[in-house]
Amino acid sequence: MPLVYNITMKRINQVLESEPNHAEITVRGWVRSFRNDRFIALNDGSTIHNLQCVIEPADHDQSILDEINVAAAVAVTGHLTESEGSGQRVELQATKVVILGKADPEDVKLTILSPKRHSLEKLREQAHLRVRTNTFGAVMRVRAALSFAIHKYFQEKGFYQAHTPIITGSDAEGAGEMFRLSTLDPKNPPINEDGSINYKEDFFEKESNLTVSGQLEAETYAMGLGQVYTFGPTFRAENSNTSRHLAEFWMIEPEVAFNDLDANMDLAEDFIKYVVSYALDNCADDIEFLENRLEQEDKQKPQNERSPMPLREKLKFIGKNNFKRVSYTEAIDILKNSKPNKNKKFKYIIEEWGADLQSEHERYLVEKHFECPVILFDYPAKIKAFYMRLNDDKKTVRAMDILFPGIGEIVGGSQREERYDVLKQKMADMHIEEAELWWYLEMRKFGSVVHSGFGLGFERLVMFVTGMGNVRDVIPYPRTPGNAEF
RNA sequence: UCCUCUUUAGCUCAGCUGGUUAGAGCAUUUGACUGUUAAUCAAAGGGUCCUUGGUUCGAGCCCAAGAAGGGGAGCCA
């Protein structure tokens with residue numbers, strides 16, 4: 001088999017950029033379509049575009065032609081020429097076709113690889129094959145580019161990645177229900193005298209869980225390395241059944257010593273603008289494809305549910321315009337005086353300061369009132385976590401959320417409470433076990449300084465950049481309540 | 001967890017007031033054509049009408065329970 005790697009082997013994205021100079025090259029990929037017994041549309045995952053390989057049927061064995069079926073893997077050797085057709089600039093005049101992996105059309109017919117449109121729900125059922133569709137190829141390339149851009153941004157800014165633990169021994173991170181972790185025999189666990197399970201005999205000799213956030217550990221690292229970020233998987237055992245929640249998702253959590261909340265907002269905004277612009281510049285073809293896909297999808301929807309602007313325009317808008325910064329108190333005033341509040345169109349009517357904002361309120365602010373991303377800050381202390389820094393008014397904390405159109409909350413962050421006594425008191429008030437988080441509190445005794453950070457849900461970012469409407473369609477194998485297939 | 005909608009061919013769907021042998025487009029197969037671009041033209045094959053139980057002379061259609069999936073809400077990122 002002449003299939004060892006050599007200099008003439010090329011990825012299709014490179015080939016499509018090459019000059020049609022008749023040089024002999026070999027490409028390998030999967031057949032997307034085979035028209036007229038002559039035109040193979042070949043895709044190798046390197047780009048949304050296919051390479052058209054042209055074969056002269058008389059020059060190839062019938063046994064080979066019979067196996068050039070949709071989804072089959074083939075290696076094609078030939079000469080790159082200008083295309084006679086109008087659909088592409090260059091094409092490969094094939095001299096040799098080798099079938100690398102067969103695909104029986106009768107079997108392919110039963111899968112989403114069959115050459116026709118499929119619903120996103122159907123693609124989800126066959127998640128092991130969906131990356132071979134145009135839409136998922138594009139989404140996953142954009143996801144990978146965004147992941148790279150995130151590391152690039154922080155590394156260039158002098159941040160260090162902190163690998164915070166995935167298994168945690170504390171259950172007080174306060175960000176949601178946790179997945180319990182144990183090696184005890186579930187049918188016959190060791191029992192204490194009072195009937196409870198004796199975790200002293202478990203692997204870690206205490207209860208352990210999958211992490212819901214690396215923030216608390218990241219804070220300790222910011223106190224040594226100055227500016228750090230985490231980027232890893234996070235687990236929440238919430239029974240959330242929405243298009244925006246996963247039980248396993250990836251989160252980015254920068255944490256910076258000496259930053260106050262204003263600097264934190266500056267960082268978050270600059271960071272988001274950078275990665276969105278990076279994707280726009282480096283995944284132009286994929287985002288163009290996704291924009292067209294979205295436009296087609298919008299045609300099926302009623303006018304008021306359609307995207308207000310095309311995908312690329314929306315992404316450029318994010319890069320160019322400043323996010324609107326509004327305090328919680330101002331936001332409440334805006335909402336109180338808003339039409340839907342006065343006409344009782346909101347399900348939850350805003351009556352007084354202190355109420356938690358529902359997603360209908362966030363959407364109103366972002367999509368109707370300001371029509372741009374909004375950063376809300378200085379929330380009531382009562383509705384926010386124990387570690388957020390108390391303002392001098394004793395009523396509000398230095399918290400901020402970034403709200404995006406169509407996505408809702410994409411970032412949640414705060415300036416952390418750096419004062420030992422204040423933090424200790426807040427932990428007591430909010431019933432946080434000091435024994436669980438002694439180390440977090442103790443950090444405040446040794447050179448404690450102002451510091452801030454935020455968490456950004458990676459999948460929500462990918463949703464925004466790709467225009468996909470369901471978080472399950474921007475991660476390879478989504479984990480949701482009742483679903484851990486694949 | 002709550003509200004709501006859906007489930008009919010491989011896929012997307014239609015199926016009238018409960019009435020003979022359940023249809024269409026795409027996909028697949030076969031043939032024709034051979035510079036196509038979601039190729040085109042012709043023909044063929046393809047059904048546990050989600051499951052269970054009930055009402056009825058008769059159920060894809062009505063009733064009940066269950067299952068799976070979508071959308072929305074809550075919680076959050």
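Chain letters run A, B, ... following the sequence lines, proteins first and then strands; every chain starts at 1.
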| Listed once per pair and sorted, the ring pair (Phe, Tyr, Trp, His ring centres under 6.0 Å) pairs that draw on residues 116-145 of chain A, sequence neighbours left out |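 Every ring pair (Phe, Tyr, Trp, His ring centres under 6.0 Å) pair that includes a residue of residues 116-145 of chain A, provided the two are not neighbours, is A/H128-A/F486.
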
| request: Kindly say whether, by distance alone, the side chain of A/S240 makes a donor-acceptor pair under 3.5 Å with the base of B/C75? | output: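 Indeed, a donor on one side and an acceptor on the other fall under 3.5 Å apart.
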
| query | Under the salt bridge (Lys or Arg N to Asp or Glu O under 4.0 Å) rule, what pairs show up with a residue in residues 66-92 of chain A, not counting sequence neighbours? | reply |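 Counting only pairs at least two positions apart or across chains, the salt bridge (Lys or Arg N to Asp or Glu O under 4.0 Å) contacts touching residues 66-92 of chain A are A/E67-A/K102.
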
| N/O donor-acceptor pair under 3.5 Å between A/D104 side chain and A/E106 backbone |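 Side chain of A/D104 to backbone of A/E106: a pair is present.
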
| field | With A/K122 via side-chain hydrogen bond (donor to acceptor under 3.5 Å, both in side chains) - residues at least two apart | value |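 A/E125.
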
| message | Just to verify, what does A/E295 make a side-chain hydrogen bond (donor to acceptor under 3.5 Å, both in side chains) with, not counting sequence neighbours? | response |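 If we apply the side-chain hydrogen bond (donor to acceptor under 3.5 Å, both in side chains) test to A/E295, skipping adjacent residues, there are no hits.
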
| remark: A correct 5'-to-3' footprint of nucleotides 29-47 of chain B, with B, S and - meaning base, sugar-phosphate only and no protein heavy atom under 4.0 Å, is S----BBBB-B-----B--

| message | Using atom P in both nucleotides, what's the gap between B/U4 and B/G18 to the nearest angstrom? | response |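 Taking atom P in both B/U4 and B/G18, they lie 24 Å apart.
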
With sequence neighbours left out, write down each residue that passes ring pair (Phe, Tyr, Trp, His ring centres under 6.0 Å) with [X], or none if nothing qualifies.
X	result
A/F458	A/F231
A/F154	A/F159, A/Y229, A/F271
A/F377	none

| note | Symbol by symbol from the 5' end, with Watson-Crick or G-U pairs under 3.5 Å, [ ] crossing and | another strand, RNA chain B is (((((((..((((.....[...)))).(((((.......))))).....(((((..]....))))))))))))....

| task | Name every residue in residues 244-254 of chain A that has at least one heavy atom under 4.0 Å from any atom of RNA chain B, in order of residue number, or write none if there are no such residues. | result |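 Contacts with RNA chain B under 4.0 Å: A/R244, A/H245, A/L246, A/F249, A/M251.
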
| query | What parts of residues 343-364 of chain A reach RNA chain B, counting only heavy atoms under 4.0 Å away? | reply |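 When residues 343-364 of chain A is checked for heavy atoms under 4.0 Å from RNA chain B, the hits, listed by number, are A/K347, A/Y348, A/Q358, A/S359.
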
| request: Enumerate the residue pairs fulfilling side-chain hydrogen bond (donor to acceptor under 3.5 Å, both in side chains) with a member in residues 470-486 of chain A, sequence neighbours excluded, ordered by first and then second residue. | output: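 For residues 470-486 of chain A: A/R124-A/D473, A/R130-A/D473.
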
